[in-house]
Structures are given as structure tokens and as C-alpha cells.
Amino acid sequence: MTDTFKTRVHQIVAKIPVGQVLTYKQVAELAGSPKAARAVGNILNKNRNPLVPCHRVIRSDGQIGGFAFGTSKKKEILLKEGYLQ
DNA sequence: GAGCTGACATGTT
DNA sequence: CAACATGCCAGCT
């Protein structure tokens with residue numbers, strides 16, 4: 001199995017249910033590197049796979065963070081998903 | 001094909 | 001507010 005950090009991040013993020021979000025740090029920790037929060041954002045940013053809801057990954061501060069299609073768009077999606085209100 | 005540098009959507013001190 | 005720590009990717013040589 002291709003158990004690389006990048007692949008693992010994709011699998012974890014793809015399993016996030018609607019209305020729920022994970023932080024970059026949480027995803028990095030589940031992926032096997034609790035200090036690789038930045039790497040998680042990098043993977044989603046460079047790969048931004050349509051199969052991976054990268055908009056469901058936010059900062060540990062509760063901030064939206066960033067988004068390849070626009071930070072405002074990410075907020076809008078979370079609003080629509082029900083995480084925000 | 002292999003190695004190095006820079007950039008990045010974070011986090012902690 | 002600013003600097004440092006940690007990991008991956010893209011581009012260049």
C-alpha cells in the first residue's frame with residue numbers, strides 16, 4: 001500500500017463527514033507526523049484533489065486558513081455544510 | 001535520473 | 001508582533 005504521508009492525508013481528509021472539520025494539526029497527527037501541519041496544507045494546496053474536501057480542514061485556532069479557490073469560498077462552503085452557521 | 005533550494009493553506013514559543 | 005521548528009512539493013541544475 002502506498003502509505004506515504006501525502007496519501008495518508010488524502011485518505012484522512014476524504015473520510016471527514018459533512019458538517020465536521022479537522023484541523024491541520026489533527027490531520028498531521030493522524031497521518032503520523034504531529035509537527036507536519038504545514039506539510040498537510042502544502043499537500044492539499046499543491047494537489048488540491050477534487051476527491052478530497054480540503055475545505056473541511058481548518059487551523060487549530062478555529063480560523064479558516066487558506067483555500068486554493070479563495071478563502072471566502074471556503075467559508076461559504078463550511079457555511080453551507082452546516083459547520084458554520 | 002538525482003540532488004538542492006525556495007515556497008507554503010501551520011503551530012508553538 | 002516576530003522568529004523558529006517541522007514536512008512536503010515544484011522547479012532548476
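Please read these numbers as outputs of a predicted model, since none were measured by experiment. Chain identifiers are assigned alphabetically (A, B, ...) following the order of the sequence lines, protein sequences preceding nucleic acid strands; residue numbering begins at 1 within each chain.
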Check: Tell me: CD of Glu29(A) to C1' of dT6(C), nearest whole Å?
Finding: 14 Å
Next item on the list: Could you pull out the closest heavy-atom pair between Ala37(A) and Ala28(A), with the gap in Å?
Entry: N-CB, 3.7 Å
Check: Between dT12(B) and Lys25(A), is there an OP1 or OP2 to side-chain N/O distance shorter than 4.0 Å?
Finding: yes
Notebook entry, point to check: Under 3.5 Å, is there a donor-acceptor pair between the side chain of Asn45(A) and the main chain of Gly41(A)?
Noted result: no
Check: OP1 or OP2 of dG11(B) sitting under 4.0 Å from any side-chain N/O of Ser60(A)?
Finding: yes
Item checked: Opposite nucleotide pairing with dT5(B), Watson-Crick or G-U, both atom distances under 3.5 Å -> dA10(C)
Margin query: Keeping Lys73(A) on the side-chain end and Phe67(A) on the backbone end, is there a donor-acceptor pair under 3.5 Å?
Written below: no
Item checked: Nucleotide nearest Ala37(A) (side chain, heavy atoms from C-beta), chosen from dT10(B), dC8(C), dC9(C) -> dT10(B)
Check: Could you state the OH-P distance from Tyr24(A) to dA5(C), rounded to the nearest angstrom?
Finding: 23 Å
Notebook entry, point to check: Just one of Glu81(A), Lys74(A), Gln20(A) clears the side chain to side chain contact (heavy atoms under 4.5 Å, CB included) bar with Arg56(A), so which one?
Noted result: Glu81(A)
Going by atom type alone, with no hydrogens or angles, which donor-acceptor pairs under 3.5 Å involve a side-chain atom of residues 4-17 of chain A and a protein atom two or more places apart or on another chain?
residue: Thr4(A); atom: OG1; partner: Thr7(A); partner atom: N; Å: 3.4
residue: Thr4(A); atom: OG1; partner: Thr7(A); partner atom: OG1; Å: 2.7
residue: Arg8(A); atom: NH2; partner: Asp3(A); partner atom: OD2; Å: 3.3

Next item on the list: In whole angstrom, give the distance that lies between atom NZ of Lys46(A) and atom C1' of dG11(C).
Entry: 10 Å
Note to self: Rounded to whole Å, please give me the gap between CG in Asp61(A) and P in dC1(C).
What the structure shows: 14 Å
Next item on the list: Return the value, rounded to whole Å, for the distance between atom CD of Gln26(A) and atom P of dT12(B).
Entry: 11 Å
Next item on the list: Could you tell me whether the phosphate oxygens of dA5(C), OP1 or OP2, come under 4.0 Å of any side-chain nitrogen or oxygen in Arg38(A)?
Entry: no
Check: In terms of the nearest nucleotide of DNA chain C, which residue is placed more toward the 5' end: Lys35(A) or Asn47(A)?
Finding: Lys35(A)
Check: Between dC8(C), dA9(B), dT10(B), which nucleotide has the shortest distance from any of its atoms to the side chain of Arg59(A)?
Finding: dT10(B)
Next item on the list: Write down the distance between CZ (Phe67(A)) and C1' (dT10(B)), rounded to a whole number of angstrom.
Entry: 17 Å
Next item on the list: Select from Ile58(A) and Ala39(A) the residue whose nearest nucleotide in DNA chain B is closer to the 5' end of that strand.
Entry: Ala39(A)
Margin query: I need the CG-P distance between Leu44(A) and dC8(C), as an integer number of Å.
Written below: 13 Å
Note to self: Rounded to whole Å, how long is the line connecting atom NZ of Lys6(A) with atom C1' of dC8(B)?
What the structure shows: 17 Å
